[in-house]
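First up is the structure itself, then whatever we jot down about it.
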Amino acid sequence: MLRLPAFRYLEPRALADALRWKADAGPQGAYVAGGTDLYPNMKRRQQEPTVVVSLMGVKELKTAAETTLGGGLTLTQVADSPAVRRSAPAVAVAAGLVSTPLLRNMGTFGGNLCIDTRCNYYDQGYEWRKAIDFCMKKDGAICWVAPSSPRCWAVSSSDIAPVMVAIGAEYRLVGPAGERVVPAGRFYHNDGINYLTKQPDEILVDVRLPRANGWDAVYHKLRRRGSFDFPVLGVAAWVRWEGKRVADARVVLGGVASYPQEVPGAGEALRGGELTDDRIAAAAQAAYVPSKPLDNTDFELSWRKQMTRVYVTRALEELRQRNR
Ligand SMILES: Cc1cc2nc3c(=O)[nH]c(=O)nc-3n(C[C@H](O)[C@H](O)[C@H](O)COP(=O)(O)OP(=O)(O)OC[C@H]3O[C@@H](n4cnc5c(N)ncnc54)[C@H](O)[C@@H]3O)c2cc1C
Ligand code: SF4
C-alpha cells in the first residue's frame, strides 16, 4: 500500500490567511483542494510538500453565480448546477465526465484546472520510477518517451481546461502581489513540467464564463473505461452563431499535448457559413494534422490520432444538431 509522507496540514478560513501561510511555507508548501490529484502524487513521491494549505474552507472560493464559478466548488456542484447547465452546458458536461461520482464529490473545479500533467513513466510509485532511473519531470535527467528531447512531454489531462480555452473563459488569480485576470488560453504552457503560467503562491479564486451572445459549446471525451478514466483525447468545440451561420469558432484538443491545444485551422474552416458536412470534414482534418499524441498514455498512439478526426466530427455534428 502506498502511504502519504508526513506533512503539516493547515486549514485557513480566509483567502488572506491561505496566501500568508503558503508564503510562510516557501517552496516546501503546496495548496490542496479536494486532494484527488495532489495526494496520489504525494503517495508516489512525485510531489513532496512538507506543508499543505487546504483551500476547502476558504469562503472566497465558493462563489456560484450564473457566470462566475468559484475554484472551490466541487465538480458535482458544477455538473449539477442548474445555472451552469443553462448558461454553459459544456462546462457541466465536462465536469460530469471527470472520473467517478466519489472523485467528483471531493475534487474541485479549480483543482481540475490546475492538475498535474500525466505520463506513463511518471505516474508510477517511487520504486518503479527509481528502477528506470527516474525521468526529468522528477528526480531524473532524461525523458523516456523522447530520450533526445530537452523537454518533458507529459500530457494535459484535465477534462474542463479545453472547454475553458474554447469558450474564452477568464481566470481570476490572487497572489501575494495582488490580483490579475488571465484568459484561460494563457494559463497553460506547452511544457510537461512548467505547465501553468500561474505563480506557485497564486490561488485560482474564480472563473468568469462569457455571457450569452449566441455562443454554444460541446465537449467529447475518449477514454478506456467510461465510468472512470482520464481523457486520452478531449475535444471542446465552440461556435458563435448568427442564425445558422458560424460567425466565429474554436476547436481545442485535450490529452494530446502538455496544454489544451487550440487548432486555429479548424476554427478558420468553420467560419463564415453554415455548418455543412464539408466544413465539418475540413475542420476535422485540420485538427487531425497537428494532433500528435505521444506514446505515454493509454491506447495505441496512431489510433488515438485517428480518433481526433472522429471526435471533432462528432462534436461539430452535435453543435449543428443543437442549432436545428
Ligand atoms: C482515479 C482518478 C481518476 C481521475 N480521472 C480524471 C478525469 O477523468 N478527468 C480529469 O480531469 N481529472 C481526473 N482525475 C484528477 C482529479 O480527480 C480531478 O482533476 C479533480 O478535479 C482535481 O481536483 P482536486 O480539488 O482534487 O485537486 P487537488 O488534488 O486538491 O489539487 C490539484 C492541483 O491543483 C492545485 N490547486 C487546487 N486548487 C487550486 C486553486 N483554487 N488555486 C490554485 N491551485 C489549486 C493544487 O495545489 C494541486 O497542485 C482523476 C483522479 C483520479 C485519482
Ligand atoms: S514525458 Fe518524459 S520527462 Fe515527461 S514525465 Fe514522461 S518520461 Fe518523464
Side-chain angles (χ1 to χ4, degrees), residues 90-91 93-94 96-99 112-113 115 117-120 145-146 149 151-168 184-185 188-192 195 216-226 228-239 246 248-271 275-322:
V91 178
V93 166
L97 285 172
V98 174
S99 192
N112 186 271
L113 299 177
I115 49 168
T117 51
R118 297 182 62 79
C119 170
N120 286 345
V145 178
S149 170
R151 60 158 281 196
C152 164
W153 298 87
V155 177
S156 168
S157 303
S158 158
D159 275 305
I160 312 180
V163 178
M164 292 295 122
V165 176
I167 68 176
Y188 302 99
H189 263 153
N190 192 13
D191 183 306
Y195 55 93
D216 195 9
V218 294
Y219 178 69
H220 284 231
K221 169 176 183 173
L222 171 67
R223 56 179 160 178
R224 187 178 289 271
R225 295 170 295 181
F228 204 117
D229 287 325
F230 279 92
V232 290
L233 169 69
V235 172
W238 170 91
V239 294
V246 177
D248 201 359
R250 275 192 290 272
V251 172
V252 179
L253 306 177
V256 298
S258 300
Y259 71 146
Q261 182 177 356
E262 185 182 346
V263 185
E268 276 161 34
L270 297 171
R271 270 176 224 128
L275 202 46
T276 58
D277 287 347
D278 285 350
R279 280 208 162 81
I280 290 177
Q285 177 61 19
Y288 169 79
V289 175
S291 168
K292 294 201 173 91
L294 286 171
D295 202 6
N296 58 353
T297 64
D298 199 3
F299 292 127
E300 211 264 313
L301 72 119
S302 68
W303 182 79
R304 279 166 53 212
K305 179 170 172 67
Q306 288 172 41
M307 284 301 106
T308 308
R309 205 187 266 126
V310 175
Y311 274 66
V312 171
T313 303
R314 286 183 190 167
L316 294 171
E317 280 174 350
E318 188 192 346
L319 277 172
R320 178 167 63 184
Q321 204 63 35
R322 287 155 67 107

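Atoms considered below: every heavy atom in the structure, side chains included; atoms not considered: hydrogens, waters and symmetry mates.
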Within a strict 4.5 Å, meaning less than it, do heavy atoms of the [X] and [Y] side chains meet?
X	Y	value
Val91	Met164	yes
Asp229	Arg224	yes
Tyr311	Ser291	no
Leu319	Asp216	yes
Arg279	Val246	no

I need the minimum non-hydrogen distance between [X] and [Y], along with the two atoms involved.
X	Y	result
Leu316	Ala283	CD1-CB, 3.8 Å
Asn120	Thr297	ND2-O, 3.3 Å
Pro231	Tyr219	CB-OH, 4.0 Å
Ala94	Val163	CB-CG2, 3.8 Å
Val235	Ala315	CG1-CB, 4.0 Å
Ala217	Ile167	CB-CG2, 3.7 Å

If I take atom [atom1] from residue [X] and atom [atom2] from residue [Y], how far apart are they, to the nearest 0.5 angstrom?
X	Y	atom1	atom2	answer
Asp277	Thr313	CG	OG1	9.5 Å
Gln306	Leu301	CD	CG	10.5 Å
Leu233	Asp298	CG	CG	12.5 Å
Asp295	Cys119	CG	SG	9.5 Å
Ile280	Leu275	CD1	CG	4.0 Å
Trp153	Thr117	CH2	OG1	12.5 Å

Is there a donor-acceptor pair under 3.5 Å between the side chain of [X] and the backbone N or O of [Y]?
X	Y	result
Lys305	Val289	yes
Arg118	Ser157	no
Tyr188	Pro162	no
Lys221	Leu97	yes
Ser158	Leu113	no
Arg304	Leu294	yes

Start with the C-alpha distance between Trp238 and Asp248, add both sets of side-chain angles, then the distance that settles side-chain contact (heavy atoms from CB on, under 4.5 Å), and finish with yes or no.
CA-CA 8 Å; Trp238 170 91; Asp248 201 359; 3.7 Å; yes

Which pairs pass ring-ring contact (aromatic ring centres under 6.0 Å, His included) with one or both residues in residues 280-301, sequence neighbours excluded?
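Found Phe299-Trp303.
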
Atom pairs and distances, donor-acceptor, side-chain atoms in residues 254-270, under 3.5 Å, two or more places apart:
unit_1 : atom_1 : unit_2 : atom_2 : d
Ser258 : OG     : Arg151 : NH2    : 2.9
Ser258 : OG     : Ala154 : O      : 2.6
Ser258 : OG     : Gly192 : N      : 3.4

Is Arg314 salt-bridged to Glu318, cutoff N-O under 4.0 Å?
no

Please evaluate residues Asn296 and Val155 with respect to the criterion side-chain contact (heavy atoms from CB on, under 4.5 Å), reporting the C-alpha separation (whole Å), side-chain torsions for both, the decisive distance (0.1 Å), and the verdict.
CA-CA 8 Å; Asn296 58 353; Val155 177; 3.5 Å; yes

